[in-house]
Amino acid sequence: MSQKTTDQTLRDRAKSLGLYGLLVNWEQAVDHDWVELLVRWEEQERQRRSLERRIRTARIGPFKPMADFDWAWPKRIDRAAIDELFTLRFIDEAANAVLIGPNGVGKSMIAKNIAHCALMRGYTVRFTTASAMLNDLASRDGATAFKRRLSHYCNQQLLVIDEVGYLSYDNRYADLLFEVVTQRYLLRPLLITTNKPFAAWGEVFPNASCVVTLVDRLVHRSEIIPVDADSYRLKEAKERAEQKAKQRAKSPKTKPRASETQP
């Protein structure tokens, strides 16, 4: 690469950072070693602040890393499909992903790890439960406030909606979810976890006329991954109880005090 090309690349980087004072005096500054160092420092600081801002906005909350996921526990899980999601190609393709399975099998854990991976790759992310998002949207008074809040969920490059199907909702809430799905349709992807097969979504939104269309738009260009297993949380609870019982059995019993043995 020629020196001219290198200087132009550095100048383009400075321009993208908005360092207009430096650009105005470029000819005087370009030959100094500190110019490239300054640009690099500014890039690193902007990246750090951007990541912090996106982490705050995402609201993923605490989660276990995928290194702790017990792949041998589920009776059915397509590990290759899960690994494919971690490439994040579905985000660039604006394709949805749906994890379906009973409670406590690791769906939220997988979804949070994918969301965190997207954050670290520079994407904007919002993680929310279905109930939190729908209650939030339903609480907005007036068209302007609602539209502003709707854009908060629809403008993120990845929106993760956790726990669809754990509660049932009225028609108003079905319309709100339909609005979110429609606004993002073919533009930005959704990652959804649910404990209900799509055929049972009528139970989640009883009597809602939009459910068929909502599901149709959601599953179009969607990766649907079933996770079939007994509750991992229940498994961990049983193992913890067994471990505690063993510890109690091994520990020496406390001898009664003399006063307790006297009649």
Side-chain angles (χ1 to χ4, degrees), residues 58-66 68-71 73-91 93-119 123 125-137 153-154 156-169 173-174 176-178 180-181 184-185 188-205 211 214-236:
R59 297 185 181 180
I60 297 176
F63 61 95
K64 291 183 178 180
M66 284 303 295
D68 292 344
F69 190 83
D70 185 358
W71 293 98
W73 178 249
K75 303 170 187 175
R76 177 189 179 194
I77 186 170
D78 189 339
R79 183 169 183 174
I82 299 294
D83 289 342
E84 174 70 18
L85 292 181
F86 277 95
T87 68
L88 306 181
R89 281 194 287 269
F90 78 101
I91 298 180
E93 296 169 356
N96 297 327
V98 183
L99 303 176
I100 300 179
N103 302 346
V105 298
K107 303 186 303 297
S108 297
M109 176 182 176
I110 294 171
K112 287 188 173 187
N113 274 275
I114 293 171
H116 183 262
C117 180
L119 278 174
Y123 293 95
V125 177
R126 182 68 165 89
F127 185 97
T128 180
T129 62
S131 60
M133 182 185 73
L134 296 177
N135 284 323
D136 184 22
L137 291 172
Y153 293 103
C154 294
Q156 308 295 334
Q157 290 173 294
L158 175 62
L159 175 62
V160 184
I161 306 177
D162 196 24
E163 299 180 352
V164 177
Y166 288 68
L167 300 172
S168 59
Y169 304 95
Y173 280 53
L176 292 173
L177 182 58
F178 178 78
V180 171
V181 171
R184 297 184 65 90
Y185 182 57
R188 297 180 181 88
L190 287 162
L191 172 56
I192 289 179
T193 73
T194 178
N195 64 338
K196 300 280 190 185
F198 290 117
W201 275 36
E203 302 171 8
V204 183
F205 304 102
V211 171
L214 187 158
V215 171
D216 182 65
R217 292 185 179 180
L218 183 61
V219 301
H220 181 219
R221 293 179 58 189
S222 181
E223 180 76 31
I224 301 172
I225 305 174
V227 182
D228 184 13
D230 296 326
S231 173
Y232 195 80
R233 285 192 289 266
L234 181 59
K235 170 181 176 288
E236 286 187 329

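None of these values were measured; they are calculated from a predicted model. Scope of the values below: all heavy atoms of this structure, side chains included, with no hydrogens, waters or symmetry mates.
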Between [atom1] of [X] and [atom2] of [Y], what distance do you get to the nearest 0.5 Å?
X    : Y    : atom1 : atom2 : answer
I77  : W71  : CD1   : CH2   : 4.5 Å
R188 : C154 : CZ    : SG    : 8.0 Å
F63  : F127 : CZ    : CZ    : 10.0 Å
Y169 : L167 : OH    : CG    : 4.5 Å
F86  : H116 : CZ    : NE2   : 11.0 Å

Given N135 and Y173, is the side chain to side chain contact (heavy atoms under 4.5 Å, CB included) satisfied, shown in steps? CA-CA 8 Å; N135 284 323; Y173 280 53; 2.7 Å; yes

Looking at [X] and [Y], would you say the former's side chain and the latter's main chain have a donor-acceptor pair under 3.5 Å?
X    : Y    : value
S222 : I224 : no
K64  : F69  : no
W201 : L214 : no
T194 : I100 : no
R184 : Q156 : yes
N195 : N103 : no

What is the minimum heavy-atom distance between [X] and [Y], and which atoms define it?
X    : Y    : result
M109 : D68  : CE-C, 4.0 Å
G165 : K196 : O-CE, 3.5 Å
E203 : S168 : O-CB, 3.6 Å
L218 : V181 : N-CG1, 4.2 Å
A132 : Y153 : O-OH, 4.5 Å
A115 : L158 : CA-CD2, 4.4 Å

List the residues meeting salt bridge (Lys or Arg N to Asp or Glu O under 4.0 Å) with D228, not counting sequence neighbours, and say none if there are none.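 With sequence neighbours excluded, D228 shows a salt bridge (Lys or Arg N to Asp or Glu O under 4.0 Å) to no residue whatsoever.
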
By salt bridge (Lys or Arg N to Asp or Glu O under 4.0 Å) - contacts of E84 (at least two apart):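 Applying salt bridge (Lys or Arg N to Asp or Glu O under 4.0 Å) to E84 gives R89.
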
Heavy atoms, side chains only, cut-off 4.5 Å: are [X] and [Y] in contact?
X    : Y    : result
V180 : L137 : yes
K112 : I114 : no
T129 : Y166 : no
M133 : L176 : no
I161 : L159 : yes

Output all residues satisfying ring pair (Phe, Tyr, Trp, His ring centres under 6.0 Å) with Y123, sequence neighbours left out; order by chain, then residue number.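 Listed in chain order: nothing, the list is empty.
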
Walk me through whether V164 and V98 qualify under side chain to side chain contact (heavy atoms under 4.5 Å, CB included). CA-CA 10 Å; V164 177; V98 183; over 6 Å; no

Derivation of the side chain to side chain contact (heavy atoms under 4.5 Å, CB included) call for I110 and L85: CA-CA 10 Å; I110 294 171; L85 292 181; 5.5 Å; no

Verify the neighbour count for atom CZ of R59: are there more than 12 heavy atoms of other residues, nucleotides or ligands below 6.0 Å?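 Incorrect, the count does not exceed 12.
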
List the steps, then state whether side chain to side chain contact (heavy atoms under 4.5 Å, CB included) holds for L99 with I82. CA-CA 9 Å; L99 303 176; I82 299 294; 3.9 Å; yes

Indicate yes or no: does D162 engage K107 in a salt bridge with an N to O separation below 4.0 Å.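 No, this pair does not count.
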
